[in-house]
Trainee: 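Pasting in a structure now, in structure tokens, and then I'll have a few things to ask.
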Amino acid sequence: MKTYDLIVIGGGAGGLTVASGAASLGATVALIEKNSELGGDCLHYGCVPSKAFIAAAKEVHQAQRAAEQFGFELNGKPDFSTAMKRVKDAIAHIQVHDSKERFTKLGVSIYHGEGTFKDKHHVVINNREIIKGKKIVIATGSRPNVPPIEGLKEVKFLTNESIFDLKNKPDRLLVIGGGPIGLEMAQSFARFGSEVTVAEAGPTIFGREDEDMIPIIKKELEKEISILYNAMTKKVEANAKGEKVVTIKQNNELKTYTFDEIIVSAGRKNNIEKLGLENIGVDVDKGAIVVNDYLQTSISNIYAIGDINGNFPFTHAAGMEGKVVVRNAVFGIKGKVNYDHTPWVTYTDPEVYHLGLTEQDAKDKYGEEFRTYKVAMNDVDRFIADRNNVGLLKVITKKNGHILGAHAVGKNASDWMQEIVMAKTNGLKIGSISNVIHPYPTHAAIVQQTADLYWREKLFNGSIPTITKKYIKWFR
Ligand SMILES: Cc1cc2nc3c(=O)[nH]c(=O)nc-3n(C[C@H](O)[C@H](O)[C@H](O)COP(=O)(O)OP(=O)(O)OC[C@H]3O[C@@H](n4cnc5c(N)ncnc54)[C@H](O)[C@@H]3O)c2cc1C
Ligand SMILES: NC(=O)c1ccc[n+]([C@@H]2O[C@H](COP(=O)([O-])OP(=O)(O)OC[C@H]3O[C@@H](n4cnc5c(N)ncnc54)[C@H](O)[C@@H]3O)[C@@H](O)[C@H]2O)c1
């Protein structure tokens, strides 16, 4: 039987970080992946294809916007298959980085098949081969949750695992679930000419965002797609033409709609069932593997990272957790995981950026002892010049300027907000950004303008003006 320092189950964002990090440091590593290629959800069905499709849809939208604004006509319709080809090209390009060859060269032994625990040190692959590991990392990710809707399974529907194999753009598209997957896809399909309806069970979209961000992004998205709130899809049937006839209950009223395709994006289910956790007694809560601050499960030589632990289901978090596990499992360091400075972005247009506490979180935690500083895109020269002036940046700080959270809706916010993450991670106060020189005119100047507000408040509302007035009088 082969024995390794570390066995990693799942070759996605988290698992690959651990496997490459540990092997580079000299540990013997086995990586078990059930799919034929490495890369996981993010590369094959998640971040990469969705962002490639969003980019294609954005280009189409910009062309349409230009035609409207500059008074010319566009001929023909955008070719949907070109967008899908670009999606496949992006995956193929990035696959090289996540290739079996690259990981084998790094010294990782790759096993193809499903990994199941036999006991706390032994994993069986496809019910055949058994390997032994001193430490084992579970990084098996998640899959789409399909709600129990009458008739849904009998008609064909799409999830993030099948959207990118579509050959033609659907004319009428229903998206069940208005979370990040649903909304990013809904807007992009609309930009290719689909008539899109989102049926969201809850009373709002972007419910976890800061209260000032929600109305802005809602208004922008509702220009392109229809959103039904408090809407439960009750029944789906196929009619003689092969169309999908859908009954949706909204505010106690049942209505029937007809669509060509349905995307289900109603949350995720963790890939937990086939791991044989019952053989070893790893604690699970609400479908997620329970971990401590060191990312250890209830069995200390077994770690769980990425979507499977339910903490922070994003690729960059899986990567960060992977690094913590490499330190802890390979070097025996007791490094704690910390999500305080971990942002997330929803890549709608405009983008929605989230870092740390929202204003409501700050109220709950600090009462009145915090400050907010806000600048609208409409007050920033570069956004005005670009005619992309919809949006807002809000920074929430302690009274002394220590950054608690930062939130934005705006074109390409994912790029220009990063400066605040840098400041927050390094314990810098908001005022320090005011001294950083930003070339004129950049989008990132909005961050500096927001930081300037901190000094303006200090200078004009505090005791400083009285003191400086006296000083200037005396100095003259
Ligand atoms: C449409 C979509 C868009 C997204 N966009 C973004 C984004 O823009 N930014 C972002 O940060 N996050 C995004 N995410 C989330 C991101 O994809 C996940 O958070 C990330 O992939 C989680 O990494 P992971 O390592 O936990 O799981 P994965 O990357 O899914 O890897 C798990 C791997 O384990 C394998 N596996 C499962 N069970 C077994 C088993 N028993 N034995 C062997 N192998 C097994 C699977 O085949 C898979 O390869 C998106 C997700 C979706 C669905
Ligand atoms: N930009 C990004 O970083 C990005 C993009 C896409 C996905 N992701 C990751 O993937 C995860 C999953 O995304 P998601 O959008 O599937 O899930 P989600 O849980 O974030 O949102 C699902 C939405 O569907 C709704 N819903 C649930 N059941 C429903 C039903 N029966 N009918 C109608 N609505 C229903 C929920 O109220 C919720 O608003 C996210 O948490 C995120 O971590 C990240």
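The structure displayed is predicted, hence computed values, not measured ones. Note that ligands are numbered from 1 as they come in the structure, with each ligand's atoms numbered from 1 the same way.
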Trainee: Please answer whether the main-chain N or O of S36 pairs with a side-chain N or O of K100 as donor and acceptor at a distance below 3.5 Å.
Mentor: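 Such a contact is found between K100 side chain and S36 backbone.
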
Trainee: Measuring from each atom of ligand 2, which residues have a heavy atom under 4.0 Å away?
Mentor: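 Contacting ligand 2 under 4.0 Å are K51, P147, I176, G177, G178, G179, P180, I181, E184, A199, E200, A201, A231, M232, S265, A266, G267, R268, P313, F314, V345, T346, Y347.
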
Trainee: Determine, for W416 and R382, whether the Lys NZ or Arg CZ falls below 6.0 Å from the six-membered ring centre while staying within 45 degrees of the axis.
Mentor: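 Negative - R382 is either too far from the ring of W416 or too far off its axis.
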
Trainee: Can you produce the list of protein nitrogen or oxygen atoms under 3.5 Å from a nitrogen or oxygen of ligand 1, alongside each distance?
Mentor:
{"residue": "ligand 1", "atom": "5 (N)", "partner": "K51", "partner atom": "NZ", "Å": "3.2"}
{"residue": "ligand 1", "atom": "8 (O)", "partner": "K51", "partner atom": "NZ", "Å": "2.7"}
{"residue": "ligand 1", "atom": "11 (O)", "partner": "T315", "partner atom": "N", "Å": "2.9"}
{"residue": "ligand 1", "atom": "11 (O)", "partner": "H316", "partner atom": "ND1", "Å": "3.2"}
{"residue": "ligand 1", "atom": "12 (N)", "partner": "T315", "partner atom": "N", "Å": "3.4"}
{"residue": "ligand 1", "atom": "19 (O)", "partner": "D307", "partner atom": "OD1", "Å": "2.8"}
{"residue": "ligand 1", "atom": "19 (O)", "partner": "P313", "partner atom": "O", "Å": "3.2"}
{"residue": "ligand 1", "atom": "19 (O)", "partner": "F314", "partner atom": "N", "Å": "3.4"}
{"residue": "ligand 1", "atom": "25 (O)", "partner": "A13", "partner atom": "N", "Å": "3.3"}
{"residue": "ligand 1", "atom": "25 (O)", "partner": "G14", "partner atom": "N", "Å": "2.9"}
{"residue": "ligand 1", "atom": "26 (O)", "partner": "D307", "partner atom": "N", "Å": "2.9"}
{"residue": "ligand 1", "atom": "29 (O)", "partner": "A13", "partner atom": "N", "Å": "3.3"}
{"residue": "ligand 1", "atom": "29 (O)", "partner": "D41", "partner atom": "N", "Å": "3.3"}
{"residue": "ligand 1", "atom": "30 (O)", "partner": "D41", "partner atom": "N", "Å": "3.2"}
{"residue": "ligand 1", "atom": "41 (N)", "partner": "G115", "partner atom": "O", "Å": "3.3"}
{"residue": "ligand 1", "atom": "42 (N)", "partner": "G115", "partner atom": "N", "Å": "2.9"}
{"residue": "ligand 1", "atom": "44 (N)", "partner": "K34", "partner atom": "N", "Å": "3.2"}
{"residue": "ligand 1", "atom": "47 (O)", "partner": "E33", "partner atom": "OE2", "Å": "2.6"}
{"residue": "ligand 1", "atom": "47 (O)", "partner": "N35", "partner atom": "ND2", "Å": "3.4"}
{"residue": "ligand 1", "atom": "49 (O)", "partner": "E33", "partner atom": "OE1", "Å": "2.6"}
{"residue": "ligand 1", "atom": "49 (O)", "partner": "E33", "partner atom": "OE2", "Å": "3.1"}

Trainee: Looking at E161 and R143, does any basic side-chain N land under 4.0 Å from a carboxylate oxygen?
Mentor: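 So E161 does not pair with R143 through a salt bridge.
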
Trainee: Could you tell me whether D386 and K411 make a salt bridge, using a distance below 4.0 angstrom between a side-chain N and a carboxylate O?
Mentor: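 The answer is no: the pair does not qualify as a salt bridge.
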
Trainee: Does the ring of Y111 carry K2 above it, NZ/CZ under 6.0 angstrom from centre and within 45° of its axis?
Mentor: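 Cation-pi check for K2 and Y111: fails.
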
Trainee: Would you call D307 and K269 a salt bridge, using N to O less than 4.0 angstrom?
Mentor: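 No, no charged N to carboxylate O under 4.0 Å.
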
Trainee: Are D361 and K363 close enough, and set up right, to give a salt bridge (Lys or Arg N to Asp or Glu O under 4.0 Å), and what steps lead you there?
Mentor: CA-CA 5 Å; D361 296 335; K363 263 185 207 145; over 6 Å; no

Trainee: Looking at F383, is its backbone amide N or carbonyl O close enough to the side chain of N388 to form a donor-acceptor pair, meaning the two atoms are under 3.5 Å apart?
Mentor: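 Absent.
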
Trainee: Give a yes or no on whether a salt bridge exists between K135 and D5, defined as a side-chain N under 4.0 angstrom from a carboxylate O.
Mentor: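 So K135 does not pair with D5 through a salt bridge.
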
